[in-house]
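Data first, discussion second: the structure below is written as structure tokens.
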Amino acid sequence: MSIAIITGASSGLGRRYVDAIVAECPEVDEIWIIARNAERLARTAAEYRHPRIVPMPLDLTDPQGFDLLRQRLEERRPTVRILVNDAGAVLGGEFAGQDSRRIMQMLRLNVIGITMMTRVCLPYMRRGSMILQVGSVSGFAPSPNLAAYSASKAYIRTFSITLRQELRSQGVHVTAVQPGRMNTAMNRGRNGSGLDGGRLGWIPQLDMDRLARNSIRAAKRNRATYTMGAFNKALAVLTKILPTSLFVRFSAM
């Protein structure tokens with residue numbers, strides 16, 4: 001049995017990945033969707049007949065969540081054709097004023113969550129399997145008022161590119177997806193960052209349906225990274241030209 005696993009699947013980009021996998025990966029028999037909101041997952045599962053959608057309400061900031069997933073995989077012994085690590089959190093504002101507990105919660109999800117999801121699923125991957133690690137343009141273009149968040153996304157980028165090389169001989173593809181501004185509940189929650197309707201509110205928003213489908217196509221071609229949109233691609237070039245310290249100063253203007 002061939003399956004896809006999507007984290008953060010109850011809304012936003014993660015929800016769009018369900019439709020994208022249905023369209024782009026007809027070989028998948030089941031899609032396991034993971035998020036904390038059981039009600040939303042159940043509503044999503046009810047919308048499809050094939051492939052079968054399996055709701056898995058798990059909290060990926062809790063180690064027990066990975067134990068439950070590991071147990072399910074051991075019982076079913078599927079081939080994990082696609083893993084989309086989309087679950088993430090954001091915390092905006094000046095770092096010195098942020099709540100320590102919320103910082104820890106974000107880092108558990110953005111760093112530990114994506115790392116352990118990958119580790120749990122890897123034994124069930126075969127040649128041609130794909131891992132999409134959803135980071136952010138903040139991973140290569142850090143921004144003031146998003147210090148810890150930017151650092152967590154830089155981790156995802158580095159982890160993905162390095163892991164891709166380790167898995168090359170096994171034929172497992174790893175792609176770091178680097179979205180820019182999107183109209184999601186998470187992005188609307190970037191309090192104090194200026195990225196939602198504030199000083200950077202003019203940045204064009206991405207079409208999440210296109211992003212999901214195009215990033216899957218990029219993963220099939222084993223692209224190391226995928227960034228969509230002219231503005232975000234220009235930003236990637238700019239960060240290669242300017243020293244990071246100068247870029248951060250520029251982005252604060």
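Quick caveat, the model's predicted, so the values are computed rather than measured. Sequential numbering from 1 along the given sequence is applied to the chain's residues.
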So, [X] and [Y]: side-chain donor and acceptor under 3.5 Å apart, yes or no?
X	Y	result
Q170	R127	no
Q178	T227	yes
Y124	S129	no

Distance from [X] atom [atom1] to [Y] atom [atom2], nearest 0.5 Å?
X	Y	atom1	atom2	answer
K153	Q133	NZ	CD	10.0 Å
N85	N110	CG	CG	11.0 Å
M56	I33	CE	CD1	10.5 Å
D59	R36	CG	CZ	5.5 Å
R16	R210	CZ	CZ	14.0 Å
M104	D99	CE	CG	11.5 Å

More than 12 heavy atoms of other residues, nucleotides or ligands under 6.0 Å from [atom1] of [X]: is that the case?
X	atom1	result
E39	CD	no
R70	CZ	yes
Q64	CD	no
F66	CZ	yes

(message) For A4, give me all partners under side-chain contact (heavy atoms from CB on, under 4.5 Å), at least two apart in sequence or on another chain.
(response)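 Per chain and number, A4 pairs via side-chain contact (heavy atoms from CB on, under 4.5 Å) with I21, V28, I31, I82.
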
(request) List in chain and number order the residues that pass salt bridge (Lys or Arg N to Asp or Glu O under 4.0 Å) with R76, two or more places apart in sequence or in another chain; answer none if no residue qualifies. (result)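 Salt bridge (Lys or Arg N to Asp or Glu O under 4.0 Å) list for R76, sorted by chain: E30.
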
Considering all heavy atoms, the nearest [X]-[Y] contact:
X	Y	value
M208	G12	SD-C, 4.0 Å
A236	F140	CA-CE1, 3.4 Å
A176	S160	CB-CB, 3.8 Å

(request) Kindly determine whether V80 and R126 satisfy side-chain contact (heavy atoms from CB on, under 4.5 Å), including the steps that lead there. (result) CA-CA 8 Å; V80 177; R126 303 293 179 263; over 6 Å; no

(request) Report the C-alpha separation of S143 and Y149 in whole Å, then their side-chain angles, then the decisive distance to 0.1 Å, and conclude whether the side chain to side chain donor-acceptor pair (under 3.5 Å) test is met. (result) CA-CA 9 Å; S143 174; Y149 172 79; over 6 Å; no

Would a hydrophobic clustering, with Ile, Leu, Val, Met, Phe, Trp and Tyr connected at side-chain separations under 4.5 Å, put [X] with [Y]?
X	Y	value
V111	V174	yes
L58	L73	yes
Y155	I161	no

Side chains of residues 211-220: which donor-acceptor pairs under 3.5 Å do they make with residues two or more places apart or in other chains?
| from | atom 1 | to | atom 2 | distance (Å) |
| --- | --- | --- | --- | --- |
| R213 | NE | E24 | OE2 | 3.0 |
| R213 | NH2 | E24 | OE2 | 2.9 |
| N214 | ND2 | Y226 | OH | 3.4 |
| S215 | OG | Y17 | OH | 2.7 |
| S215 | OG | L211 | O | 2.9 |
| S215 | OG | A212 | O | 2.9 |
| R217 | NE | E24 | OE1 | 3.3 |
| R217 | NE | E24 | OE2 | 3.2 |
| R217 | NH2 | E24 | OE2 | 2.8 |
| K220 | NZ | E24 | O | 2.6 |

